[in-house]
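Okay, structure first, notes after.
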Amino acid sequence: MHCGHHSSGLVLFSDESGFSLPSDSRRTLIWRAPGTRYHQDNIIERHRYGGAGWLVWGGIILGSRTELHVQNVTMTGHIYRGVILEHQVRLFRGAMGAEFLFMDDNARPHRANIVDECVQSEDITHMDWPAYSPDLNPIEHVWDMLGRRIAARQPPPTFVPELRRSLLDEWCNVPQDQIDNLILSTPRCCKACIASSWRHTPY
């Protein structure tokens with residue numbers, strides 16, 4: 001079945017990011033590790049933001065968003081399947097129907113065999129974000145908005161447990177219309193890429 005044009009309204013865009021407290025306790029800004037996708041070994045990425053923070057995963061879709069998953073360990077294939085796919089993504093797949101498309105980044109843990117098996121068994125149409133254009137993913141802008149909202153809190157979080165609570169609170173507080181606007185303004189080249197890569201699990 002070919003789906004000539006694909007609507008952004010049926011795409012769940014997802015990604016991870018690292019958020020940490022600054023190493024200088026006198027500074028109150030929250031630093032989001034840039035490009036915290038797993039381009040290289042997981043441990044390198046963890047080390048880059050020192051471990052004094054959290055790895056978060058979230059997904060956005062027109063009109064809604066997933067819960068924010070917050071953890072302090074690297075994202076393994078087992079965690080990704082058990083926590084992300086089997087709870088969050090399957091929920092949206094059930095609500096959206098067969099035209100639902102799940103997009104994530106090219107992070108190595110996501111490509112584990114157990115993840116592929118889960119996606120296929122749940123009949124979830126899955127697509128990796130093109131490796132050359134990850135910053136076109138609209139959720140990247142949501143991470144930036146989240147970081148700014150946390151930095152603007154009075155008082156801003158100064159301890160790691162506070163940072164976790166702030167992440168969960170502010171994720172819920174980002175206005176949905178701002179998220180929708182980001183999705184609707186996804187560059188046309190990305191929409192064409194999504195449409196051309198649309199594929200269904202073989203019957």
Side-chain angles (χ1 to χ4, degrees), residues 12-61 64-92 102-112 114-115 118 129 134-135 137-176 178-179 182-183:
L12 179 68
F13 298 97
S14 72
D15 196 11
E16 292 108 26
S17 185
F19 287 83
S20 67
L21 296 164
S23 56
D24 181 347
S25 61
R26 292 170 297 178
R27 294 177 58 214
T28 55
L29 289 179
I30 302 299
W31 174 65
R32 180 173 87 79
T36 45
R37 288 172 222 85
Y38 296 86
H39 293 313
Q40 291 159 14
D41 188 67
N42 296 337
I43 296 165
I44 295 173
E45 290 293 350
R46 267 192 85 190
H47 181 71
R48 275 174 61 182
Y49 52 95
W54 301 97
L55 177 69
V56 303
W57 178 93
I60 56 173
I61 195 165
S64 190
R65 75 199 78 177
T66 67
E67 294 178 6
L68 189 70
H69 175 68
V70 184
Q71 65 181 55
N72 60 1
V73 295
T74 51
M75 182 74 77
T76 66
H78 287 280
I79 294 173
Y80 194 71
R81 173 178 176 162
V83 176
I84 305 303
L85 292 175
E86 294 190 355
H87 290 87
Q88 307 267 25
V89 179
R90 187 162 64 176
L91 180 74
F92 278 80
F102 169 57
M103 293 194 69
D104 66 359
D105 61 15
N106 282 284
R108 194 180 305 162
H110 306 180
R111 299 160 74 132
I114 56 171
V115 174
C118 179
W129 195 260
D135 291 330
N137 188 338
I139 201 170
E140 288 298 307
H141 299 290
V142 180
W143 295 141
D144 292 334
M145 290 163 59
L146 187 60
R148 287 195 298 270
R149 293 180 73 93
I150 291 171
R153 284 172 75 103
Q154 293 298 328
T158 53
F159 299 101
V160 171
E162 282 183 295
L163 176 58
R164 185 179 192 276
R165 287 192 298 271
S166 299
L167 284 164
L168 292 168
D169 287 348
E170 294 299 343
W171 173 255
C172 295
N173 291 337
V174 173
Q176 185 65 44
Q178 292 184 22
I179 292 177
L182 286 170
I183 293 173

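All residue numbers refer to positions in the sequence shown, counting from 1.
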I want to check something: taking the side chain as every heavy atom from C-beta on, are [X] and [Y] in contact at a cut-off of under 4.5 Å?
| X | Y | answer |
| --- | --- | --- |
| P157 | R165 | no |
| E162 | R153 | no |
| L168 | R164 | yes |
| M145 | L182 | yes |
| Y80 | I114 | no |
| D15 | E140 | yes |

For residues [X] and [Y], report the shortest heavy-atom separation together with the two atoms involved.
| X | Y | answer |
| --- | --- | --- |
| R81 | C118 | NE-CB, 3.6 Å |
| I60 | V142 | CD1-CG2, 4.0 Å |
| F19 | W143 | CZ-O, 3.6 Å |
| I79 | Q71 | CG2-OE1, 3.3 Å |

From [X] atom [atom1] to [Y] atom [atom2], the distance as rounded to the nearest 0.5 Å:
| X | Y | atom1 | atom2 | result |
| --- | --- | --- | --- | --- |
| L167 | R149 | CG | CZ | 12.5 Å |
| L12 | L91 | CG | CG | 10.0 Å |
| I61 | I183 | CD1 | CD1 | 7.5 Å |

Within the side chain of [X], is there an N or O that forms a donor-acceptor pair under 3.5 Å with the backbone of [Y]?
| X | Y | result |
| --- | --- | --- |
| R65 | V174 | yes |
| Q88 | E67 | yes |
| S17 | L55 | no |
| T66 | G59 | yes |

Aromatic plane relationship, F102 with W57 - under 30° parallel, 30 to 60° tilted, over 60° perpendicular: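 The rings of W57 and F102 sit tilted, inter-plane angle from 30° to 60°.
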
What do the steps show when you test M103 against N137 for side chain to side chain contact (heavy atoms under 4.5 Å, CB included), and what is the final call? CA-CA 9 Å; M103 293 194 69; N137 188 338; over 6 Å; no

